[in-house]
Protein chains: 2
Amino acid sequence: MGVTIKDVAKAAGVSYSTVSKALRDSPLVKPPTKKRIIAIANELGYQPNVAARSLVSKKSNTIGVVWPTVERAAHAALITKINEELECHSYTTLLSINRVESAINTFNRLQVDAILVFSDKSYLDDHSSNVPILSYGIAKEPIHPTVDVNRRDAILLAVRYLYSIGHKNIAFIGDVSQQDQLQEEKVIGFKQGMLECFNEIPDDALIHTFGLELYDGYLALKTRLEKPNRPTAIICGSYDLTKGSIRAINEMNLSIPNDISIISYDNIPQINTFDQPISIVGVPNEIITNTITKALLDIIEKKDITNSIILTPELNINESCIGIK
Amino acid sequence: MGVTIKDVAKAAGVSYSTVSKALRDSPLVKPPTKKRIIAIANELGYQPNVAARSLVSKKSNTIGVVWPTVERAAHAALITKINEELECHSYTTLLSINRVESAINTFNRLQVDAILVFSDKSYLDDHSSNVPILSYGIAKEPIHPTVDVNRRDAILLAVRYLYSIGHKNIAFIGDVSQQDQLQEEKVIGFKQGMLECFNEIPDDALIHTFGLELYDGYLALKTRLEKPNRPTAIICGSYDLTKGSIRAINEMNLSIPNDISIISYDNIPQINTFDQPISIVGVPNEIITNTITKALLDIIEKKDITNSIILTPELNINESCIGIK
DNA sequence: TTACAGAATAACAACGTTGTTATCCGATGC
DNA sequence: GCATCGGATAACAACGTTGTTATTCTGTAA
């Protein structure tokens, strides 16, 4: 079925080792011959056999990604990008939506070159994995090298900025259920910022949602806006919550930024699909993916990354925020 | 790094071909020897080398799944299940979230045994793929063998049922934008049913949403319920729309089924997470996944399933529907 | 012309596995 | 006691590729 290197060799009238070298662009073969061989290979529709190649090279050029939470939109954006970047380095990404342990097992069987784990948990059980593992999540006492975003500082940055332009009534909308450490970190950052700026955290400054979906944000903010003491600035804990919040604000016939300034967490590309520009705080997706890609290549090369990498968030302000005199 | 079959052979004092046979449970090797070899292999932590194995067997035991629309929850449920089922047949699932053409290319390079494509489009461009392709979507003039759900009949069934228990004012809520052929089919089924039962399609029987998300359903239904001539029964075009509809109904202080009966499309497990049981119409997920798995194994073996498979929906009624005298 | 360097290409082993074929050895039948 | 049979295991080729080593060929200097 498949056309092999030997078929090409026969067609070109050379030995098969020459073909191999020609296709790998080795300097050991004369340019004209090389050109001719490549042309013939293309014509025959030659596809290198991955199995044979990785058998001899002892590498699969494949990276396994463990992604148990398929639902999270932010992760989807990350994975798509990482996938692209790795392809540039001629690695193929392999996704598994199984449970973490089971996925790690499978990837060990498949002998991928490295495993990337997306997990909310702060640590993974210590599995015996022959393959190096990188995790993206919380770098608190990690077992494996980890890439993490400093969510606490992100929200802190936002509070400080809003304070600096005169806001006195700032609210944070997000999941305060303490189930998810990632969300918890944001709340801590908010509280820290409020204490720093105002020496207190008013009861109604934290707007609780019960989930991270659009509707959760919509409902929570709408309920809050119907009460007195309307905040002049809101920090939204995630992309979907921002979407819901904006709908709630529109529905109340309020204006961004004249009535309410908004800063959204999550620095993902979709943020540009809103009707109006929205200020954001977070680590740009591109930086996250670059870092992860680089870290993966590093752990493959055995450049042991002992330290975890913690990324610093950036603030991007535009007309969704206005100062208060 | 890896412990090979030869290491096991040396440790067991037998030839490596004997080890191979013992591990594949061949009758050619004596039971006691077999047992001993397996024990030693386990002890050494032997993992068969996939590359070598697929090099000789000319199979990768891997199936590529093209999944360009990561966001759709219904697809996530399907894929998870298919993944499980294939694992039972010792196939590994490989996900790609790239564009369809690019993904098919990659999978050809990796020489997977078959490709499963999730696509809204009614047909794929005729790519030169050496690997057999199965698609899940619309089986209208398909190029590749296709597994399809008869969405038209599903909604038709629902209309007929509601009519049979006395409803005179039935509405369908769904995406009527005609962008998506899958959604379009449902609308056609609804219209057909209405004509069949009532000889007409009232203008307000179709409740348009502009998307398939929860909030889209919520907003559209709420708007509709504020108008006169409230429907006594509603058919929801998808799981997320059902969720939104239920919220709208609750918010208006209406009761299911006393004020409004509900039937939801999408026969997925999550449907059981609602506060109350909801009647559904559609093909149970398990049947879809079984069919797809079987079809995949078939095209791998025979390389030729000429006919597409169209699945017939089922109606599952419970207390979310009540008759009208 | 012969010898020889250096480039170009051919030959070959190796990667880890599987299926086929060959070998060994004990038991059986005459 | 010898040939034979058959079960158990060993030996080996093959899968398609790459890196190393061996061979051929070309052009140049003695």
Side-chain angles (χ1 to χ4, degrees), chain A residues 1-41 44-62 90 92 108-113 130-131, chain B residues 1-41 44-62 90 92 108-113 130-131:
Chain A
M1 172 176 180
V3 32
T4 83
I5 220 170
K6 296 189 181 176
D7 300 323
V8 179
K10 209 169 289 173
V14 295
S15 81
Y16 62 86
S17 51
T18 305
V19 175
S20 169
K21 287 176 192 57
L23 294 177
R24 296 223 48 193
D25 200 25
S26 156
L28 292 176
V29 42
K30 211 161 64 175
T33 324
K34 200 185 292 185
K35 219 167 190 169
R36 195 166 54 89
I37 291 178
I38 291 177
I40 293 179
L44 293 183
Y46 167 77
Q47 295 271 54
N49 181 312
V50 241
R53 185 174 275 184
S54 63
L55 179 58
V56 58
S57 72
K58 298 192 161 191
K59 279 198 51 180
S60 64
N61 265 54
T62 297
S90 64
T92 298
N108 268 277
R109 260 208 352 258
L110 287 181
Q111 277 145 304
V112 300
D113 295 333
N130 299 319
V131 179
Chain B
M1 170 178 179
V3 32
T4 83
I5 220 170
K6 295 191 182 176
D7 300 323
V8 179
K10 209 169 291 174
V14 295
S15 81
Y16 61 86
S17 50
T18 305
V19 175
S20 169
K21 286 174 193 55
L23 295 177
R24 296 223 48 194
D25 200 23
S26 157
L28 292 176
V29 43
K30 211 161 64 175
T33 324
K34 200 186 288 185
K35 219 166 191 172
R36 196 167 53 88
I37 292 178
I38 291 177
I40 293 180
L44 294 183
Y46 167 76
Q47 295 272 52
N49 182 310
V50 240
R53 184 175 275 184
S54 63
L55 179 59
V56 58
S57 72
K58 298 191 162 190
K59 279 198 53 181
S60 63
N61 264 54
T62 298
S90 64
T92 298
N108 268 275
R109 257 206 356 255
L110 287 181
Q111 277 145 303
V112 299
D113 296 333
N130 299 320
V131 178

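Throughout, protein chains are lettered first and strands after them, A, B, ... in sequence-line order, and every chain is numbered starting at 1. Values below: every heavy atom of this structure, side chains too, minus hydrogens, waters and symmetry copies.
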Notebook entry, point to check: Does the side chain of S15(A) come under 3.5 Å of the side chain of T18(A) through a donor N or O and an acceptor N or O?
Noted result: yes
Next item on the list: Please state how far atom CG in N61(B) lies from atom P in dC15(D), giving the value in whole angstrom units.
Entry: 20 Å
Item checked: Min side-chain heavy-atom separation N61(A)-T92(A) under 4.5 Å -> no
Notebook entry, point to check: Between atom NZ in K30(A) and atom C1' in dT26(D), what is the gap in whole Å?
Noted result: 9 Å
Notebook entry, point to check: Can you check whether V8(A) reaches T4(A) side chain to side chain, under 4.5 Å on heavy atoms?
Noted result: no
Notebook entry, point to check: If you look at every strand shown and take non-hydrogen atoms under 4.0 Å, does S17(A) touch a base, only sugar-phosphate, or nothing?
Noted result: base
Notebook entry, point to check: Looking at S20(A), does any N or O in its side chain come under 4.0 Å of the phosphate oxygens OP1/OP2 on dT18(D)?
Noted result: yes
Check: Starting at CG of L28(B) and ending at P of dT21(C), how long is that distance when rounded to a whole Å?
Finding: 13 Å
Check: Are any non-hydrogen side-chain atoms of D25(B) and K34(B) less than 4.5 angstrom apart?
Finding: yes
Checklist line | Nearest-neighbour nucleotide for the V56(B) side chain, dG16(C), dT9(D), dT17(D) considered | finding: dG16(C)
Margin query: Without decimals, in angstroms, what is the distance between Q47(B) CD and dT17(C) P?
Written below: 11 Å
Margin query: Tell me the interatomic distance from N49(B), atom CG, to dC15(C), atom P, rounded to whole angstroms.
Written below: 12 Å
Note to self: Quick check: on DNA chain D, is the nucleotide nearest P48(A) upstream (toward 5') of the one nearest P27(B), or the reverse? Name the residue that is more 5'.
What the structure shows: P27(B)
Next item on the list: Please determine, for the side chain of K21(A), which listed nucleotide (dT18(D), dA11(C), dG16(C)) has the closest atom?
Entry: dA11(C)
Next item on the list: Starting at atom OH of Y46(B), determine the distance to atom C1' of dG16(C), rounded to an integer number of angstrom.
Entry: 7 Å
Check: Are L110(A) and T62(A) close enough that some pair of their side-chain heavy atoms sits under 4.5 Å apart?
Finding: no
Note to self: What contact category does T33(A) fall into here, base, sugar-phosphate, or nothing, at under 4.0 angstrom with non-hydrogen atoms?
What the structure shows: sugar-phosphate
Margin query: Taking only side-chain N and O atoms of Y16(A), does any of them lie within less than 4.0 angstrom of OP1 or OP2 on dG19(D)?
Written below: no
Checklist line | T4(B) side-chain proximity, nearest of dT17(C), dT18(C), dT9(C) | finding: dT17(C)
Margin query: Just N and O in the side chain of T18(B): are any of them under 4.0 Å from OP1 or OP2 of dT9(D)?
Written below: no
Notebook entry, point to check: Among the nucleotides dT17(C), dC15(D), dT18(D), which one has an atom lying closest to any side-chain atom of L55(B)?
Noted result: dC15(D)
Next item on the list: Check the distance between dG16(D)'s C1' and K10(A)'s NZ and give it to me in whole angstrom.
Entry: 13 Å
Margin query: Rounded to whole Å, how long is the line connecting atom NZ of K6(B) with atom P of dT17(C)?
Written below: 9 Å
Margin query: Counting only side-chain nitrogens and oxygens, does R53(A) get under 4.0 Å of the OP1 or OP2 atom of dT18(D)?
Written below: yes
